[in-house]
K.L.:
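Dropping the structure in here first, questions after.
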Amino acid sequence: MDDVIVVGGGPAGRALAAACAQRGLATALVDRSPDGPWLSTYGAWVHDLPAELPASVIAARATGRAIARTAWDLGREYAVLDVPALRAHLDDGLAGVDVVGGRVTGAGPGEVTLADGTRLRARTVVDAGGHRQPTRGAAPRRTAAEQTAHGVVLDEAAAAPLVAPGEALFMDWRADHGEPGWPTFLYAVPLGGGRVLLEETSLARRPGLPQPVLRRRLLARLARHGITVPDDAPTERVRFPVDTPRLRTPGVIGFGAAAPLVHPASGFSVATALSLAPAVADAIAAGSPGDVVWSLRARAVHRFRRIGLEALLRMPPAEVPGFFEVFFSLPEHHRWAYLGGRDDLTGTVAVMGALFGRSGWLLRSRLVLPALRPAAPPRPAEEAAPIG
């Protein structure tokens with residue numbers, strides 16, 4: 001019998017399993033595909049990454065800026081991680097961890113069942129299997145609010161009309177794609193080695209905006225800036241929920257995107273998981289891990305951020321860039337209190353008050369009413385269809 005079983009072998013699961021093993025806990029890591037590659041691009045604000053993360057794990061750094069109705073310097077450095085290097089770094093910490101290949105079909109207090117009938121037992125079970133929460137069982141009957149994106153990888157010289165070398169364009173809300181309807185923005189970041197990822201992104205929609213719409217908008221936006229995409233350019237497709245419910249499997253602790261640690265406003269979670277893993281491992285060793293993942297303050301902050309998400313989902317598309325214009329105009333400490341600090345309740349309340357104070361009465365109503373209403377309903381199917 002192990003001390004801890006971690007379900008899920010992504011960055012969050014591997015980081016936590018390694019941290020547990022380093023504390024002398026007998027640890028098993030269950031991974032559906034132990035040797036499978038990680039295909040996602042992971043980015044984070046440098047300030048949010050753990051100090052002990054080696055520099056070799058960072059593929060590129062860039063100063064961040066955004067465009068709502070006007071351009072804004074975000075004041076912090078953005079990092080894009082070298083995914084194979086991150087994987088190798090986390091794998092180095094798995095010495096002594098029992099890595100088990102298999103798909104989880106059931107879990108409960110002290111036990112995990114795999115598809116082949118194998119049963120694993122431990123004092124503590126952690127679900128770090130991503131937004132699907134593999135220990136949860138049947139998925140809830142609800143339409144998720146999803147972040148979706150379609151991207152292409154180009155040489156930095158080709159991408160220069162939109163993003164200069166050494167720069168990250170975190171958000172560009174200009175409607176350069178030329179289409180009405182649900183708002184999308186361009187996300188453009190360096191990948192290292194002279195390459196740049198450019199993605200047309202829907203921050204959140206219930207359900208997510210389809211890939212054909214995003215691809216068409218991306219190509220139209222790039223063409224407007226004189227950028228032609230070669231037929232063989234590498235592509236990336238993104239789709240994940242930003243409103244995953246808290247894990248409720250009895251006797252199981254959620255971690256990473258399964259917790260969920262996904263920020264409802266940005267979709268970020270990897271830096272939080274990497275930073276939080278040592279504290280959660282300490283708490284597992286002490287017998288009280290749930291208090292670290294979901295303190296009372298963290299619960300309250302997450303609730304406020306979910307209200308902000310619902311406000312965005314209900315906002316008329318034409319008003320979204322104006323909302324971000326107000327947000328980016330806030331003092332830097334307010335912006336970062338909202339984008340980081342998952343248990344900074346005081347800072348979160350302060351930034352929401354500041355945002356309310358700078359908003360006109362119409363925007364104020366958009367921000368307040370979602371707190372008094374149920375979740376925004378799914379968008380009509382016809383809005384999800386490609387336009388034209």
Side-chain angles (χ1 to χ4, degrees), residues 64-72 74 143-151 162 169-188 198-211 213-218 220-221 224 238-243 262-268 304-330 334-335 338-339 351-352 354-371 373 375-380 382-387:
R65 69 184 183 97
I67 302 173
R69 297 200 184 284
T70 57
W72 298 91
L74 298 183
T143 301
E146 297 172 314
Q147 183 173 130
T148 53
H150 185 95
L162 276 170
L169 185 55
F170 188 58
M171 287 181 169
D172 182 349
W173 285 102
R174 293 175 297 180
D176 289 346
H177 48 70
E179 292 189 2
W182 193 257
T184 57
F185 64 89
L186 179 70
Y187 167 79
L198 301 106
E199 283 189 338
E200 193 72 26
T201 305
S202 170
L203 188 60
R205 188 182 187 279
R206 184 177 286 131
L209 203 63
Q211 289 290 323
V213 175
L214 294 165
R215 176 172 175 78
R216 187 179 64 246
R217 289 189 181 189
L218 175 64
R221 181 191 294 273
R224 181 164 182 172
V238 175
R239 179 182 178 184
F240 62 87
V242 291
D243 63 344
V262 175
H263 195 306
S266 68
F268 289 1
F304 278 127
R305 289 174 176 172
R306 288 287 292 271
I307 292 172
L309 170 64
E310 294 299 326
L312 185 65
L313 292 170
R314 290 180 178 275
M315 199 170 292
E319 296 178 19
V320 171
F323 163 76
F324 279 97
E325 184 76 9
V326 176
F327 177 79
F328 290 132
S329 75
L330 295 174
H334 280 323
R335 294 201 306 261
Y338 195 78
L339 293 175
V351 69
M352 295 185 81
L355 185 63
F356 186 85
R358 291 192 177 213
S359 301
W361 285 107
L362 180 59
L363 180 54
R364 289 179 179 181
S365 69
R366 307 286 193 208
L367 299 175
V368 171
L369 290 179
R373 297 177 176 176
R379 289 274 162 174
E382 57 268 21
E383 280 198 29
I387 301 170

K.L.:
Please name all residues satisfying side chain to side chain donor-acceptor pair (under 3.5 Å) with Arg65, sequence neighbours left out, ordered by chain then number.
P.N.:
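By the side chain to side chain donor-acceptor pair (under 3.5 Å) rule, Arg65 matches Glu167.
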K.L.:
So, using side chain to side chain contact (heavy atoms under 4.5 Å, CB included) as the criterion, who are the partners of Ala175 when residues are at least two apart?
P.N.:
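Once residues adjacent in sequence are excluded, the partners of Ala175 under the side chain to side chain contact (heavy atoms under 4.5 Å, CB included) criterion are His177.
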K.L.:
By salt bridge (charged side-chain N to carboxylate O under 4.0 Å, His left out), which residues pair with Glu200, not counting sequence neighbours?
P.N.:
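Glu200: salt bridge (charged side-chain N to carboxylate O under 4.0 Å, His left out) contacts with Arg221.
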K.L.:
Sequence neighbours excluded, which residues qualify as side chain to side chain donor-acceptor pair (under 3.5 Å) partners of Asp243?
P.N.:
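If we apply the side chain to side chain donor-acceptor pair (under 3.5 Å) test to Asp243, skipping adjacent residues, the hits are Arg142, Arg206.
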K.L.:
With sequence neighbours excluded, what pairs up with Arg69 under the side chain to side chain contact (heavy atoms under 4.5 Å, CB included) test?
P.N.:
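Arg69 satisfies side chain to side chain contact (heavy atoms under 4.5 Å, CB included) with Pro321, Glu325 once adjacent residues are dropped.
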K.L.:
Give a yes or no answer on whether the side chain of Gln147 reaches the backbone of Thr201 with a donor-acceptor pair at less than 3.5 Å.
P.N.:
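Answer holds: no.
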K.L.:
Under the side chain to side chain contact (heavy atoms under 4.5 Å, CB included) test, which residues partner Ser202, sequence neighbours left out?
P.N.:
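Applying side chain to side chain contact (heavy atoms under 4.5 Å, CB included) to Ser202 gives Thr148, Trp182, Thr184, Arg205, Leu209, Leu214.
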K.L.:
With sequence neighbours left out, what residues match Arg305 under salt bridge (charged side-chain N to carboxylate O under 4.0 Å, His left out)?
P.N.:
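Applying salt bridge (charged side-chain N to carboxylate O under 4.0 Å, His left out) to Arg305 gives none.
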K.L.:
Just to verify, what does Tyr338 make a side chain to side chain donor-acceptor pair (under 3.5 Å) with, not counting sequence neighbours?
P.N.:
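Not a single residue meets the side chain to side chain donor-acceptor pair (under 3.5 Å) criterion with Tyr338.
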K.L.:
Phe185: what forms a ring pair (Phe, Tyr, Trp, His ring centres under 6.0 Å) with it, not counting sequence neighbours?
P.N.:
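In terms of ring pair (Phe, Tyr, Trp, His ring centres under 6.0 Å), with neighbours along the sequence ignored, Phe185 is linked to Trp173.
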K.L.:
Only counting residues at least two apart or in another chain, list the ones meeting salt bridge (charged side-chain N to carboxylate O under 4.0 Å, His left out) with Arg366.
P.N.:
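With sequence neighbours excluded, Arg366 shows a salt bridge (charged side-chain N to carboxylate O under 4.0 Å, His left out) to Glu319, given in chain and number order.
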K.L.:
Which residues pass the side chain to side chain contact (heavy atoms under 4.5 Å, CB included) test with Leu330, not counting sequence neighbours?
P.N.:
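Leu330 satisfies side chain to side chain contact (heavy atoms under 4.5 Å, CB included) with Phe327, His334, Arg335, Val351, Ala354, Leu355, Arg358 only.
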K.L.:
Between Arg314 and Leu369, does the side-chain contact (heavy atoms from CB on, under 4.5 Å) criterion hold? Intermediate values first, please.
P.N.:
CA-CA 10 Å; Arg314 290 180 178 275; Leu369 290 179; over 6 Å; no
